[in-house]
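If you read the sequence from its start, that first residue is 1, and numbering goes on from there.
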Amino acid sequence: MAPQRPRGAGALDKDIPALSPAPVPPRSNELYAALDLGTNSCRMLIAQPRGSGFHVVDSFSKSVQLGAGLEKTGRLSRGSMARTIQALRICQQKLRRNKVRNMRLVATEACRRAHNGAEFMRRIQRETGLKLDIIRPEEEAQLAVISCAPLVSRKTENLLVVDIGGGSTELVWIDISKVPKADRARSIMRLQDGFNQAKSDVPSARVVDWISVPLGVATLRDQFSDVEDDAARFALMSWFFEENLTDFTPYQSIQSQKRFQIVGTSGTVTTVAASHLNLKRYDRTKVDGLSMTSAQIDKVIHSYIAMGPGGRRADPRIGQDRAALIMSGAAILQALMRCWPTDRLSVADRGLREGLLYAQMSADGVLEEGVF
């Protein structure tokens, strides 16, 4: 299935604490859940509002490989759907055990593209009682953006948020140069209401352009499955991804490096960060908010190539679930760092689930006025 730019993904006319993933006892019944069923993984957070953020009470993450074989057949396979149903049953048990009433459960690229995606949503509801919504690429991009708002520097005037998923990669370019420094993170949070902001006398974040590229770590891997320890094939995979960015308005735009920031959110980005830090055991507090240079990223990627598939599978910093996907993710990351006028990347261990939680809590008015 040749990658196509989704309709609607086009140009528009128009010191913050990190979230804690550590389980904590709930102080009330006011719990919220967010579930992200992606092309490769099924992930869920259950959290409690606290201050201007939240604390995680329970979580779940499982590689279900829902998109396996989708590139060839255009359909979700029997095996991948069975694996996903099993994972969702565990999620349903956790929701029931925690008595969660406020929840948003979504599916993304694999279910958007699959001919039997809507049919699978009905099967999920029938067999697990969970109702999942297949969200549009624009909403997926919005949620990624608001989840990363706490990591935006007050010095930033132009921001690129990148969410590398299993089946697609979302990029959003935001101009906050006219927003007062103290209000920049808050102005990005307001984008949860849509990228087309109503005209106002108050300076607001302006989305210059956004794009959903239908290539993620799983879909790109399917097209370059022979990349093992071949640097030339890896480079070709990275350039192939870059070719899909040519319609993105800010592509190769010239901006000041000092006032430009890239925030990357994905398992690829956090895995590269963990490898750079040489963590024997993953530590979110050391990874989330880390700033990495292009040279540091390239050094990690070159070490991945040199390891070969066996070495990557054995490396505890990568993990067996991600070993098969890390090279395609690294190719996407390298292409992004090659394109934009900065030699630094801000690492975000947050994404769609955190965005879903923020959006629900904000809509219900349960977050205190603070950094946002």
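There is no side-chain donor-acceptor pair under 3.5 Å between Glu109 and Thr39. Inspection of the Thr156 and Gln261 side chains reveals an N or O donor paired with an N or O acceptor under 3.5 Å. Neither side chain, Tyr304 nor Asp315, offers a donor N or O lying under 3.5 Å from an acceptor on the other. Inspection of the Thr271 and Tyr282 side chains reveals no N or O donor paired with an N or O acceptor under 3.5 Å. Looking at Glu170 and Ser168, their side chains do bring a donor and an acceptor atom within 3.5 Å of each other.
Panel note: side chain Glu138, backbone Trp210; no donor-acceptor pair is recorded below 3.5 Å. Side-chain atoms of Asp283 come within 3.5 Å of backbone N or O of Thr285 as a donor-acceptor pair. Formation of a donor-acceptor pair under 3.5 Å by the Asp133 side chain with backbone atoms of Ile135 is not found in this model. Asp175 places no side-chain N or O within donor-acceptor distance of the main-chain N or O of Asn158, the cut-off being under 3.5 Å. With hydrogens and angles ignored, the 3.5 Å screen pairs a side-chain donor or acceptor of Thr219 with a backbone N or O of Gly216. The closest donor-acceptor contact from the side chain of Arg184 to the backbone of Ile176 lies under 3.5 Å. Without hydrogens or angle criteria, Ser147 side chain to Gly351 main chain gives a donor-acceptor distance under 3.5 Å. The main-chain N or O of Val272 is never found under 3.5 Å from a side-chain atom of His276 such that the two would form a donor-acceptor pair. A donor-acceptor pair under 3.5 Å links the side-chain atoms of Asp230 to the main chain of Arg233, judged by distance alone. Put simply, the side chain of Arg104 never gets that close to the backbone of Leu356: no donor and acceptor are under 3.5 Å apart.
Phe224 has its ring centre less than 6.0 Å from the ring centre of Phe240.
For Arg338 and Trp239, the positive end sits near the middle of the six-membered ring, less than 6.0 Å away and at most 45° from its axis.
Taking both residues in full, the closest heavy atoms of Leu336 and Ile262 are given as O-CD1, 4.4 Å, listed atom of the first, atom of the second, then distance.
The residues Glu140 and Arg112 are annotated as salt-bridged, a charged nitrogen and a carboxylate oxygen being separated by less than 4.0 angstrom. Between Asp349 and Arg284 there is a salt bridge, since at least one side-chain N of the basic residue sits less than 4.0 Å from a carboxylate O of the acidic one.
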Discussion item. Apply side chain to side chain donor-acceptor pair (under 3.5 Å) to residues Arg344 and Ser291 and explain how you reach the verdict.
Written reply: CA-CA 6 Å; Arg344 286 192 171 273; Ser291 178; 3.1 Å; yes
Worksheet item: Can you check side chain to side chain contact (heavy atoms under 4.5 Å, CB included) on Leu367 and Arg50, steps first, answer last?
Response: CA-CA 7 Å; Leu367 295 179; Arg50 189 163 297 176; over 6 Å; no
Which atom pairs, donor and acceptor, lie under 3.5 Å between side-chain atoms of residues 79-89 and protein residues at least two apart or in another chain?
from, atom 1, to, atom 2, distance (Å)
Ser80, OG, Leu66, O, 3.2
Ser80, OG, Ser77, N, 3.2
Ser80, OG, Ser77, O, 3.0
Ser80, OG, Ser77, OG, 2.9
Arg83, NE, Val64, O, 2.8
Arg83, NH2, Val64, O, 3.3
Arg83, NH2, Gln65, O, 3.3
Thr84, OG1, Ser80, O, 2.8
Arg89, NH2, Glu127, OE1, 3.4

